[in-house]
Enquirer: 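Structure below; questions to follow.
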Amino acid sequence: MVAARRPSGKVPWALHRAGGRIPTMDSVRVRFAPSPTGYLHVGGGRTALFNWLYARHHRGTFILRIEDTDRTRSTEEAIEQIFASLRWLGLDWDEVYRQTDRFDRHREVGEDLRNRGAAYEEGGALWFRVPREGATTVRDLLAGDVTVQHSELKDFVILRSDGTPVYNFACVVDDHDMGITHVIRGAEHLNNTPKQILLYQALGWEPPLFAHVPLILGPDRSKLSKRHGAGSVLDYDRRGILPEALVNFLARLGWSHGDQEVFSKEELVALFDLPGVNTSAAVFDDAKLLWLNHEWLRRTDPHRLADLLAERIVTLGVADRHAVEAVGRERLARAAVLLRERGKTLVEMAERARPYLPGPIPLPPEAAEVLTPAVGPALAALAERVTALGDPSPAGFEALLKGGAEDLGVPIKALAPAVRVAVTGSRVGPGLYDLLSVVGPEVVADRLRAAARWIKERR
RNA sequence: GUCCCCGUCGUCCAGCGGUCUAGGAUACCGGGCUUUCAAUCCGGAAACGGGGGUUCGAAUCCCCCCGGGGACACCA
């Protein structure tokens with residue numbers, strides 16, 4: 001068994017791997033076939049993404065097939081979750097099927113196999129007879145030629161005693177009937193493929209092309225699964241990850257285009273192809289996802305970001321809808337631009353949005369470190385000047401503060417942190433003048449007065 | 001255990017026989033800038049699993065070993 005190498009020269013890569021068969025590139029039909037036994041995790045999400053990208057890149061058809069043949073484990077909620085996850089990722093499907101709708105067809109083909117002598121009944125179930133001798137080779141577009149001796153295989157059930165089909169069988173019948181040209185799926189299925197090829201042969205059908213993509217591993221290097229915690233695609237939405245970031249991250253897990261790291265979905269569609277996919281499993285690195293999310297937060301249109309932020313602020317209970325509306329979309333967009341510079345997720349941004357919303361700011365005891373008795377009068381005086389401020393731009397605030405530091409007798413190095421804490425309750429945050437400008441003169445003045453009072457009451 | 005797949009910095013990738021004193025990204029460490037944090041800039045540490053071949057030449061090809069993962073259901 002020799003793994004095929006990517007050829008150099010002008011031979012089209014896929015053609016070479018396909019052993020000379022010519023895949024008709026304008027009629028690509030691929031499918032994502034999840035089983036609705038739980039939420040869609042990122043491994044499944046990546047498989048869906050690769051299929052979708054392959055279909056869109058080749059102007060083909062992306063099919064969604066719900067593999068719910070195991071009625072005891074499949075649920076309607078899981079199906080809804082899968083739809084919701086794909087929609088969130090922005091992976092639209094052209095056709096959708098449900099395997100349970102095709103049981104009659106599966107039984108019909110099973111019957112055909114039995115009539116041909118390729119299957120036999122035992123214990124009420126229909127078993128496929130695997131040849132004793134010989135071997136079957138999978139010509140995988142990614143793994144190369146993989147040969148398995150028939151002696152390694154056992155006869156397997158294709159129709160359960162209750163008449164329902166089992167995975168390997170339903171999969172073959174459906175892929176054939178749906179005209180699937182490329183089966184792009186996780187590497188855990190590579191071992192199933194010889195059985196499926198045997199089925200195609202017994203039925204006299206031409207098998208599709210196969211491409212088994214490498215697995216995604218958890219931090220402990222085992223196949224990513226539910227027990228790794230936040231593996232659900234929708235969990236990333238809850239964590240404040242942008243779909244663009246997760247798509248970008250997932251695409252880079254096992255696929256690359258030179259040294260480029262950031263890809264928009266449009267770029268991925270234009271660049272993605274099977275030759276760029278590698279064959280080794282990848283560990284899911286949360287830190288890098290967070291970095292990408294930050295990149296995408298910074299590339300997102302401020303108004304769209306404002307809408308996403310508004311929603312988070314409400315769902316997280318940072319403020320109510322009324323307060324958010326009072327701020328207005330424009331001001332919120334300006335706040336979002338400041339917030340996204342320091343926050344890596346929408347959640348972090350929302351949690352730090354309090355200063356931009358109306359109302360007083362609670363001052364923690366540590367505020368006393370910069371809100372000293374010495375700056376109290378200056379803050380009170382500054383509040384009056386802010387009220388009379390003609391130019392509420394960052395430059396206007398900068399002139400005001402620097403002028404104030406000068407003639408109020410408090411050095412800017414002490415005044416700036418004091419104003420920051422008075423307005424935000426925190427010693428860290430965006431550039432002070434930008435911050436004040438976004439918060440606005442009225443609210444700034446109110447909080448400056450409140451801070452002056454707070455200092456006085458503490459003495 | 002058997003079979004299958006994989007093996008470059010901690011992690012994700014580049015590398016397709018010479019251009020590799022191995023490149024990018026992230027994470028980490030140090031410094032500049034800043035009222036602060038972040039961003040940004042500069043610098044640093046960090047890898048070809050091991051052993052045999054083939055070749056003038058190997059991270060790149062072959063073999064063995066080791067290591068990791070996956071599959072071995074009337075689950076998918």
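Note that the structure is a prediction, hence the values are computed from the model and not measured. Letters A, B, ... mirror the listed sequences (proteins, then strands); counts begin at 1.
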Enquirer: Going by side-chain contact (heavy atoms from CB on, under 4.5 Å), name the residues that satisfy it together with A:Ala287, two or more places apart in sequence or in a different chain.
Expert: A:Asp285

Enquirer: Mind telling me whether A:His182 and A:Tyr54 have parallel, tilted or perpendicular rings, with 30° and 60° as the class edges?
Expert: tilted

Enquirer: Would you list the atom pairs, donor with acceptor, under 3.5 Å between side chains in residues 410-426 of chain A and any protein atom, with sequence neighbours excluded?
Expert:
| residue | atom | partner | partner atom | Å |
| --- | --- | --- | --- | --- |
| A:Arg420 | NH1 | A:Pro430 | O | 3.0 |
| A:Arg420 | NH2 | A:Pro430 | O | 2.9 |
| A:Thr424 | OG1 | A:Arg420 | O | 2.8 |
| A:Thr424 | OG1 | A:Ser426 | N | 3.1 |
| A:Thr424 | OG1 | A:Ser426 | O | 3.1 |
| A:Ser426 | OG | A:Val428 | N | 3.1 |
| A:Ser426 | OG | A:Val428 | O | 3.2 |

Enquirer: Test of understanding: with ring-ring contact (aromatic ring centres under 6.0 Å, His included), list the residues that count as partners of A:Phe397, not counting sequence neighbours.
Expert: none

Enquirer: Using 4.0 Å as the upper bound for N to carboxylate O, is an ion pair formed by A:Arg239 and A:Asp235?
Expert: no

Enquirer: Does a donor on one side chain and an acceptor on the other come within less than 3.5 Å for A:Thr345 and A:Asn293?
Expert: no

Enquirer: Could you run down nucleotides 26-41 of chain B 5' to 3' and tag each one B, S or - for protein heavy-atom contact under 4.0 Å?
Expert: SS-------BBBBSS-

Enquirer: Return the set of residues passing side-chain contact (heavy atoms from CB on, under 4.5 Å) with A:His57 (not counting sequence neighbours), or none when no residue passes.
Expert: A:Asp273

Enquirer: Is there a Watson-Crick or G-U wobble partner for B:G1 with both distances under 3.5 Å, and which nucleotide is it?
Expert: B:C72

Enquirer: Kindly write out the residues that satisfy ring-ring contact (aromatic ring centres under 6.0 Å, His included) with A:Trp93, not counting sequence neighbours, or none if the list is empty.
Expert: A:Phe83

Enquirer: A:Ala125 near the nucleic acid: base, sugar-phosphate alone, or nothing, with a heavy-atom cut-off under 4.0 Å?
Expert: base

Enquirer: Hey, does A:Glu261 reach any base, or is it just sugar-phosphate, or nothing, if we go heavy atoms under 4.0 Å?
Expert: base

Enquirer: Determine the Euclidean distance between corresponding C1' atoms of B:A45 and B:C28; express it in Å to zero decimal places.
Expert: 9 Å

Enquirer: Under a 3.5 Å limit for both distances, which nucleotide forms a Watson-Crick or G-U wobble pair with B:U60, could you say?
Expert: none

Enquirer: Ignoring hydrogens and angles, write down the donor-acceptor pairs under 3.5 Å from the side chains of residues 367-376 of chain A, residues two or more places apart or on other chains.
Expert:
| residue | atom | partner | partner atom | Å |
| --- | --- | --- | --- | --- |
| A:Glu369 | OE1 | A:Arg427 | NH1 | 3.1 |

Enquirer: Let me know the distance between CD1 of A:Ile82 and P of B:A76, rounded to the nearest Å.
Expert: 14 Å

Enquirer: Quick one: A:Ile216 CD1 to B:U11 P, roughly how many Å, whole number?
Expert: 16 Å

Enquirer: How far, in whole Å, is B:G43 from B:G53 if one measures between their P atoms?
Expert: 42 Å

Enquirer: Could you give the CZ-to-P distance, from A:Phe284 to B:U11, as a whole number of Å?
Expert: 16 Å

Enquirer: On a whole-Å scale, what distance lies between the P atoms belonging to B:A14 and B:G49?
Expert: 15 Å

Enquirer: Using a cut-off of less than 4.0 Å, is there contact between a side-chain N or O of A:Arg160 and OP1 or OP2 of B:A76?
Expert: yes

Enquirer: Once you round it to whole Å, what is the distance between C1' of B:C74 and OH of A:Tyr167?
Expert: 16 Å

Enquirer: C1' atom, B:C9 versus B:A47: distance in rounded Å?
Expert: 4 Å

Enquirer: Could you state the atom-to-atom distance from CZ of A:Arg73 to P of B:C74 in whole Å?
Expert: 13 Å

Enquirer: Under 3.5 Å, is there a donor-acceptor pair between the A:Arg107 and A:Thr164 side chains?
Expert: no

Enquirer: Looking only at atom P, what distance separates B:C63 and B:G68, rounded to whole Å?
Expert: 22 Å

Enquirer: Quick one: label A:Ser280 by what it contacts on the DNA or RNA (base, sugar-phosphate, nothing), any heavy atom closer than 4.0 Å.
Expert: sugar-phosphate

Enquirer: Could you please spell out the steps behind the ring pair (Phe, Tyr, Trp, His ring centres under 6.0 Å) verdict for A:Phe50 and A:Phe272?
Expert: CA-CA 8 Å; A:Phe50 278 18; A:Phe272 183 87; 4.9 Å; yes

Enquirer: Specify whether A:Tyr236 and A:Phe284 have parallel, tilted or perpendicular ring planes, treating 30° as the upper limit for parallel and 60° as the lower limit for perpendicular.
Expert: tilted

Enquirer: Just name whichever nucleotide pairs with B:U40, Watson-Crick or G-U, keeping both distances under 3.5 Å, else none.
Expert: B:G32

Enquirer: Could you check A:Val148 against A:Asp259 and say which one's nearest nucleotide on RNA chain B is further toward the 5' end?
Expert: A:Val148

Enquirer: Looking only at side chains, do A:Gln99 and A:Tyr97 share a donor and an acceptor under 3.5 Å apart?
Expert: no

Enquirer: Which value, in whole Å, describes the distance between the C1' atoms of nucleotides B:G50 and B:A59?
Expert: 14 Å

Enquirer: My understanding is that only residues two or more places apart in sequence, or in another chain, count here; which of them pass side-chain hydrogen bond (donor to acceptor under 3.5 Å, both in side chains) with A:Thr193?
Expert: A:Arg185, A:His212

Enquirer: For A:Thr69, report the nucleic acid contact type (base, sugar-phosphate, nothing); a contact means any heavy atom under 4.0 Å.
Expert: sugar-phosphate

Enquirer: Using whole Å, report how far CD of A:Glu152 lies from C1' of B:C5.
Expert: 15 Å

Enquirer: When the P atoms of B:U19 and B:G15 are compared, how many Å lie between them, rounded to an integer?
Expert: 16 Å

Enquirer: Say we look at B:U36 and B:A27: how far apart would their P atoms be, to the nearest angstrom?
Expert: 22 Å

Enquirer: Between B:G69, B:A71, B:A76, which nucleotide gets closest to the side-chain atoms of A:Lys223?
Expert: B:A71

Enquirer: Donor-acceptor pair under 3.5 Å: do we get one between A:Thr279's side chain and the base of B:C6?
Expert: no

Enquirer: Tabulate atom names and distances for all N/O pairs under 3.5 angstrom spanning the protein and nucleotides 44-49 of chain B.
Expert:
none

Enquirer: Short of 4.0 Å, heavy atom to strand atom, which residues of residues 247-258 of chain A count as contacting RNA chain B?
Expert: A:Arg252, A:Leu253, A:Gly254, A:Ser256, A:Gly258

Enquirer: Please report the distance, rounded to the nearest Å, between CG in A:Asn168 and P in B:A71.
Expert: 13 Å

Enquirer: Is NZ or CZ of A:Lys265 both nearer than 6.0 Å to the six-membered ring centre of A:Trp52 and within 45° of the ring axis?
Expert: yes

Enquirer: Only counting residues at least two apart or in another chain, list the ones meeting ring-ring contact (aromatic ring centres under 6.0 Å, His included) with A:Phe128.
Expert: A:Phe156

Enquirer: I need the CG-P distance between A:Leu215 and B:C5, as an integer number of Å.
Expert: 15 Å

Enquirer: Pull out every residue in residues 188-200 of chain A that has a heavy atom closer than 4.0 Å to any atom of RNA chain B, ordered by number, or say none.
Expert: A:Glu188, A:His189, A:Leu190, A:Asn191, A:Asn192

Enquirer: With a 3.5 angstrom cut-off on both distances, give the Watson-Crick or G-U wobble partner of B:U26, or none if there isn't one.
Expert: B:G10

